[in-house]
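Everything numeric here is computed off the predicted structure, so don't read it as measured data. Counting starts at 1 for both ligands and their atoms, following the listed order.
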Amino acid sequence: MGAAAIEDDDPFEEQREQAENPMRRLFAEYGAGNRFAFVVGVVSSITARALDLLPIVLLSVAIDAVFGEKQFSLLFVPDAWLPVTRSGQLWLSVTLIAVAFFGGAAFHWTRNWGWNSFAQHIQHSVRTDTYDKMQRLNMDFFADKQTGEMMSILSNDVNRLERFLNDGMNSAFRLGVMVIGIAAVLLYWNWQLALITLSVVPLIAYFTYKFIRIIQPKYADVRSSVGQVNSRLENNLGGIQVIKSANTEDYESERVEDVSQNYFDANWDAIGTRIKFFPGLRVLAGFGFVATFLVGGLWVISGPPGPFTRPLSVGEFTGFVLFTQRFIWPMAQFGQIINMYQRAHASSARIFGLMDEPSRIAEDPDADELVVEEGGVVYDDVTFGYDDEETIIEDVSFEVEGGNTLALVGPTGAGKSTVLKLLLRMYDVDEGSVDIDGQDLRDVTIPSLRRQVGYVSQDTFLFYGTVEENLTYGTFGADREEVREAAKAAEAHEFITNLPDGYDTEVGERGVKLSGGQRQRISIARAILKDPEILILDEATSDVDTETEMLIQRSLDRLTADRTTFAIAHRLSTIKDADQIVVLEDGRIVEGGSHEELIDEDGLYAHLWGVQAGEIDELPEEFIERAQQRDARRVETDDD
Ligand code: ADP
C-alpha cells in the first residue's frame with residue numbers, strides 16, 4: 001500500500017512530491033535535538049519488555065528444578081552462587097520475579113517518559129516552524145489553498161507525526177523485543193518445537209497487513225462521507241433563511257438523509273470488516289496454541305514425536321505455552337505500525353514540502369532599508385499576471401507626487417487591487433518597475449517597505465482580543481493616550497466607549513460583533529497609529545449608511561491629509577477631489593486625469609459619474625455590452 005493511496009485528492013500533492021526522504025529529515029532535523037529522550041525511550045523499551053518476559057523463564061526453571069528433578073541453573077549465573085535447597089531456590093525465583101515486576105514497572109515509566117518527551121518536543125517544534133514558514137509564504141499560495149487545508153497541515157499532519165513517534169515507535173519496539181526475545185528463548189529451549197510455535201508469526205503478520213489494506217479504503221470512505229454530511233449540514237444551517245422562504249424543508253431533509261445514509265453505509269461496511277479482525281486473529285493464535293500444546297504435550301508424555309529429537313521438560317513446555325500467548329497481541333499491531341508509518345511519511349512529506357516551498361518574492365540579500373522622504377511613487381510600464389497564462393496588469397504607468405492622492409476607478413476585476421498589491425510587494429512585477437522616492441521596491445527590504453505603507457481595507461479582520469489590542473496590532477508599543485487620540489481622529493472613540501467594556505471589550509469571532517463601518521474605523525485608527533508615509537485605501541467607503549460614511553470620510557481626510565494616498569472606491573463621490581484619477585479597464589489604463597478633466601473627456605468615467613450622480617439613467621449600451629463580455633470571460637476562467 002503506497003502512502004499516496006491513503007491521501008486522495010491531496011491539495012499539497014505538489015509539495016509532497018518535492019520532499020525527499022522526509023522521515024530521515026524528520027529524525028535528522030528534529031530528532032537530533034531530542035537525542036536524550038530517544039535513547040531513554042529505546043533503552044527503556046528494550047529493558048522493560050525483556051523484564052516482562054523474565055517471569056515466565058523463571059517460572060519454567062522453577063517448575064523443573066524446585067518442583068521437578070532437574071538441576072537449578074540460571075543462564076549467565078555460575079551454579080556455585082545458586083542455593084542448593086529447594087526452598088532457597090523457590091525464594092530466589094520468587095525474589096527475582098518480584099524484582100522483574102518492579103523493575104519492569106520502573107522501565108515502563110521511563111519508556112513512556114522517553115517516547116512521549118521525544119514525540120511532544122518534535123511535535124511542538126515542527127508545528128511552530130511550519131506555522132512560521134507558512135505565514136511567510138507568498139499570497140498566491142494562500143489564494144489557491146483553503147484555510148481548512150492549511151489548518152489540516154498544522155493540526156492533523158503534525159499530530160500524526162506525534163502519534164507515530166510515540167505510539168508507533170513504542171509499539172514497534174515492543175513488537176521487535178517480544179518477537180525476537182521470545183523466539184530466542186524458545187529456540188534455545190527447543191528449536192524444533194519452536195519452529196512449530198513460531199510458524200504462526202508470519203501468518204499473523206500477513207493477516208494483519210491484509211486487514212489494514214482492506215480496511216484503509218473503507219476508512220477513507222467513512223472520512224469522506226462524514227465530510228459530506230458536515231458540509232451539507234453547515235451549508236443548510238447557514239442558508240436556513242433561504243430554505244424557509246423557499247419552503248424547501250422536505251427537499252433539504254431528503255438531501256440530508258441521503259448523505260447521512262451514505263455515511264451509515266460506509267461506516268457499516270467498515271464495521272463489518274473490523275469486527276472480523278480480532279476473532280480472526282484469535283483463530284490463528286488458537287492454532288499456534290493448540291499445535292504447541294498438542295505436540296509439546298505428546299513430547300513430554302512420551303519423548304520426541306515423529307522426526308523430532310530434542311528433549312523437552314515440563315517447565316519448558318509450560319514456558320512454550322505461556323509464551324505463545326504473549327506475542328500474539330504485539331503482532332496484532334503489526335499492520336497498525338506500518339499504517340502509522342505510512343501516514344507519518346505522507347504527513348512529513350507534506351510538512352517538509354511546504355517548508356521547502358520556494359518564495360516567489362526573493363529578498364535581495366543586499367537590500368537596503370526603504371527611506372521615504374517625499375513619498376513619491378512611480379509605476380513605470382508595469383505588467384503583471386498571477387500565473388504565466390494570463391496577464392492581469394498591462395503597461396500601467398503613472399506617477400504620484402509625495403502627499404498627493406491617486407484614485408483607481410474601474411469595473412470589478414479591472415485590476416485595481418492587483419495594482420496596489422504590487423505596491424505592498426505581495427507580488428513582484430513581471431515587467432517594468434515600481435519605485436518609491438526613486439528606490440525600486442525589489443531593492444529594499446520587505447519589512448521596511450511594509451512598515452511605511454499602511455493599508456486600510458473595507459473588510460477589516462479583527463483578531464480575537466480586546467478593542468485596544470486590535471487597535472495596537474502592529475504598533476504594539478503605543479500607550480493608552482496615543483490609542484485614544486488615534487481612535488478619536490478615526491471617529492471611533494465614541495462607539496468604543498459605548499461598548500460594554502469600552503476599550504477592553506472582547507471583539508473578533510468569539511467577542512462582540514462590530515458593524516462594517518465600525519470595523520473600518522478601527523482599521524483607520526490602526527493606520528493613524530502606525531503613521532505610515534504612504535497609505536492604501538481599498539474600497540474604503542461602501543456598504544455603510546450616509547451618516548457613517550460622513551464620519552469615515554472625515555476621519556479619512558485627517559488620515560490622508562499629508563500622506564501619499566492610493567484609493568480604490570466604487571462611489572466616485574468619495575474620490576472626486578483626488579489629485580489624480582486613473583481609470584482601469586481589463587488591466588490597462590484607459591483614462592487618467594482630474595475629475596474635471598475626465599468629465600470633459602466624456603468616456604467611461606464621465607458616464608459612471610453621470611449614473612451615480614443621477615444625471616443619466618443608464619450607461620450607454622456599449623459600456624453595458626463590455627461589462628457583459630467581461631462577466632462571461634470571468635465565468636470561463638473560473639470554470640477552468
Ligand atoms: P479589482 O480590484 O479591480 O476588482 P482585482 O485586482 O481584484 O480587480 O482582480 C483583477 C483580476 O485578477 C481578476 O480577473 C481576478 O480574478 C484576478 N485575480 C485577483 N486576485 C488573484 C489571485 N490571487 N490569483 C489569481 N487571480 C487573481
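Residue Y427 has at least one heavy-atom neighbour below 4.0 Å for each of these atoms of ligand 1: 23 (N). Close approach of ligand 1 to K421 (heavy-atom distance below 4.0 Å) involves ligand atoms 20 (N). Heavy-atom contacts of T412 reach the following atoms of ligand 1: 4 (O) (cutoff under 4.0 Å). Shown in contact with T418 at under 4.0 Å from a heavy atom are these atoms of ligand 1, numbered in order with element: 5 (P), 6 (O), 9 (O), 10 (C).
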Apply the test side-chain hydrogen bond (donor to acceptor under 3.5 Å, both in side chains) to residues S448 and T445: give CA-CA distance (whole Å), side-chain angles for both, the deciding distance (0.1 Å), then the verdict.
CA-CA 6 Å; S448 71; T445 63; 2.8 Å; yes

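Ring planes of Y427 and Y386: perpendicular class, angle over 60° (limits at 30 and 60°). Under the 30°/60° scheme for interplanar angles, the aromatic rings of Y605 and H595 are found to stand perpendicular.
Under the 3.5 Å distance criterion, with hydrogens and angles disregarded, no donor-acceptor pair is assigned to the side chains of Y455 and S523. Side chains of Y30 and D129: a donor on one and an acceptor on the other come within 3.5 Å.
In terms of polar-atom proximity, defined here as any N/O pair under 3.5 Å, I392 makes no such contact with ligand 1.
Ranked by closest heavy atom to atom 10 (C) of ligand 1, the top entry among S417, G413, G587, P411 is G413. Counting only non-hydrogen atoms, the option in E585, M426, K416, E390 that gets closest to atom 3 (O) of ligand 1 is K416.
For F398, the CZ atom counts as densely surrounded, since its 6.0 Å shell holds more than 12 non-hydrogen atoms of other residues, nucleotides or ligands.
Distances from ligand 1 to the non-hydrogen atoms of A414 include at least one value under 4.0 Å.
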